[in-house]
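Report on the structure given below.
Numbering of residues begins at 1 and proceeds along the displayed sequence.
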Amino acid sequence: MKPYAEVVGDPIVQSKSPTIHGFWIAKLGLDADYRAAHVTSEGLADYFASRREDPEWRGCNVTMPHKQAVQPFLEGIDEIASAIGAVNTIYRDSNGQLVGTNTDMSGFLEPLAGDLAKSHYFRMARILGTGGAARAIVTGLAGQGFTLVLAGRNPDKARAMLDQLDPGGEHHTTLLDHFAEATYFAFDDREGCCDLVVNASPLGMRGQPALAFDWSHAPPGSIAYDIVTDPVETEFLKGAREAGFKTIDGLSMLIGQAAAAFTRFFGVEPPREHDAELRKRLSA
């Protein structure tokens with residue numbers, strides 16, 4: 001047997017994690033493996049009982065619907081996962097105990113690092129969606145000094161999320177439909193600002209309804225960021241580019257969050273110099 005990690009979820013067949021981690025393992029020539037495990041909610045207790053006794057198991061990534069349900073099976077949850085309220089990565093610490101963390105936030109922020117390194121007199125993000133992914137994005141952007149406008153079908157849910165994740169912030173909520181129709185609002189000079197428009201929802205994903213967003217709602221110089229990975233080239237991003245905005249696709253976050261987990265599992269940094277090749281493989 002050789003060391004291995006895996007991704008757990010229900011369903012699991014759609015996960016791109018085995019492709020990403022397997023690619024890095026091959027590039028580094030590691031004697032290791034990465035797998036996908038279909039685990040139902042009822043099967044979580046048995047899963048962790050068996051993996052604890054397996055000396056080759058290095059941990060797992062956690063996908064829906066288990067990001068909160070796994071927490072009772074762990075000895076510890078770090079500050080990041082506690083703040084977000086969800087676990088997406090579990091690893092053994094130096095004492096062999098199982099610790100939960102969340103790499104979604106760092107994965108989301110990674111492609112924004114160059115912009116966030118600059119000084120701005122104002123930062124604002126329009127975040128579309130109030131699901132699990134939005135929790136990591138809200139937490140990360142609030143920590144980077146952004147004023148947030150969180151849009152969802154239920155403004156009360158959006159308000160509760162903001163109050164829980166950043167109770168001291170002066171953030172706003174609105175209905176998702178607010179952004180569907182054109183606006184004639186005249187934005188002032190946005191030089192020196194950092195504006196983001198983030199699709200944190202599954203809208204626009206293959207098999208899901210389209211995301212209705214009119215780009216007149218985006219201030220000049222905005223960055224459009226879509227976390228959807230299938231398709232990579234979403235209508236949301238196409239519309240943003242046609243309107244003259246810079247774009248970031250979902251593979252950026254996906255690869256970034258996987259990189260942080262890979263280091264936890266295997267003790268080495270993934271070979272990020274091959275990102276372009278990895279992106280082609282994931283897009284095939």
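With 3.5 Å as the limit, one finds a donor-acceptor pair spanning the side chains of Arg241 and Thr247. When only modelled atom types and interatomic distance are considered, Asn61 and Ser17 share no side-chain donor-acceptor pair under 3.5 Å. A donor-acceptor contact closer than 3.5 angstrom links the side chains of His38 and Asp10. For the residue pair Thr183 and Asp214, no side-chain donor N or O sits within less than 3.5 Å of a side-chain acceptor on the partner. Remark: the Glu6 side chain and the Tyr47 side chain contain an N/O donor-acceptor pair separated by less than 3.5 Å.
Exactly one residue among Ile137, Asn199, Leu251, Thr234 makes a side-chain contact (heavy atoms from CB on, under 4.5 Å) with Ile227. That residue is Ile137.
Between Phe108 and Tyr225, the ring centre distance stays below 6.0 Å.
Inter-residue side-chain proximity for Arg126 and Val198 is flagged as unmet; no heavy-atom pair is nearer than 4.5 Å. Side-chain contact between Leu109 and Gln144 is present, with heavy atoms from C-beta onward closer than 4.5 Å. Within the 4.5 Å cutoff, the side chain of Asn154 has no heavy atoms near those of the Thr130 side chain. By the 4.5 Å heavy-atom criterion applied to side chains, Ile25 and Phe262 are counted as neighbours. The closest side-chain heavy-atom distance from Arg206 to Pro231 is below 4.5 Å.
Between Phe265 and His21, the two ring planes are tilted [angle within 30° to 60°]. Using bins of under 30°, 30° to 60° and over 60° for the plane-to-plane angle, the ring pair Phe245/Trp215 lands in the tilted bin.
Counting heavy atoms of neighbouring residues, nucleotides and ligands inside a 6.0 Å radius, atom NZ of Lys280 does not exceed 12 of them. By the 6.0 Å contact criterion, CZ on Arg153 is open, its count of non-hydrogen atoms from other residues, nucleotides or ligands being 12 or less. The environment of Glu273 atom CD is dense: over 12 non-hydrogen atoms of other residues, nucleotides or ligands sit within 6.0 angstrom.
Under the 6.0 Å distance and 45° angle rule, Arg58 does not count as a cation-pi partner of Tyr91.
Follow the hydrophobic side-chain contacts under 4.5 Å out from Ile84 and you reach Leu150 in the same cluster.
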Exercise. Given Phe179 and Val149, is the side-chain contact (heavy atoms from CB on, under 4.5 Å) satisfied, shown in steps?
Worked result: CA-CA 11 Å; Phe179 293 112; Val149 179; 4.3 Å; yes
Problem set entry | Pair Arg52-Leu98, side-chain contact (heavy atoms from CB on, under 4.5 Å): steps then yes or no | CA-CA 8 Å; Arg52 283 178 186 278; Leu98 301 191; 3.7 Å; yes
For this session: Test Val39 against Leu44 for side-chain contact (heavy atoms from CB on, under 4.5 Å), laying out the working first.
Result: CA-CA 6 Å; Val39 181; Leu44 282 174; 3.8 Å; yes
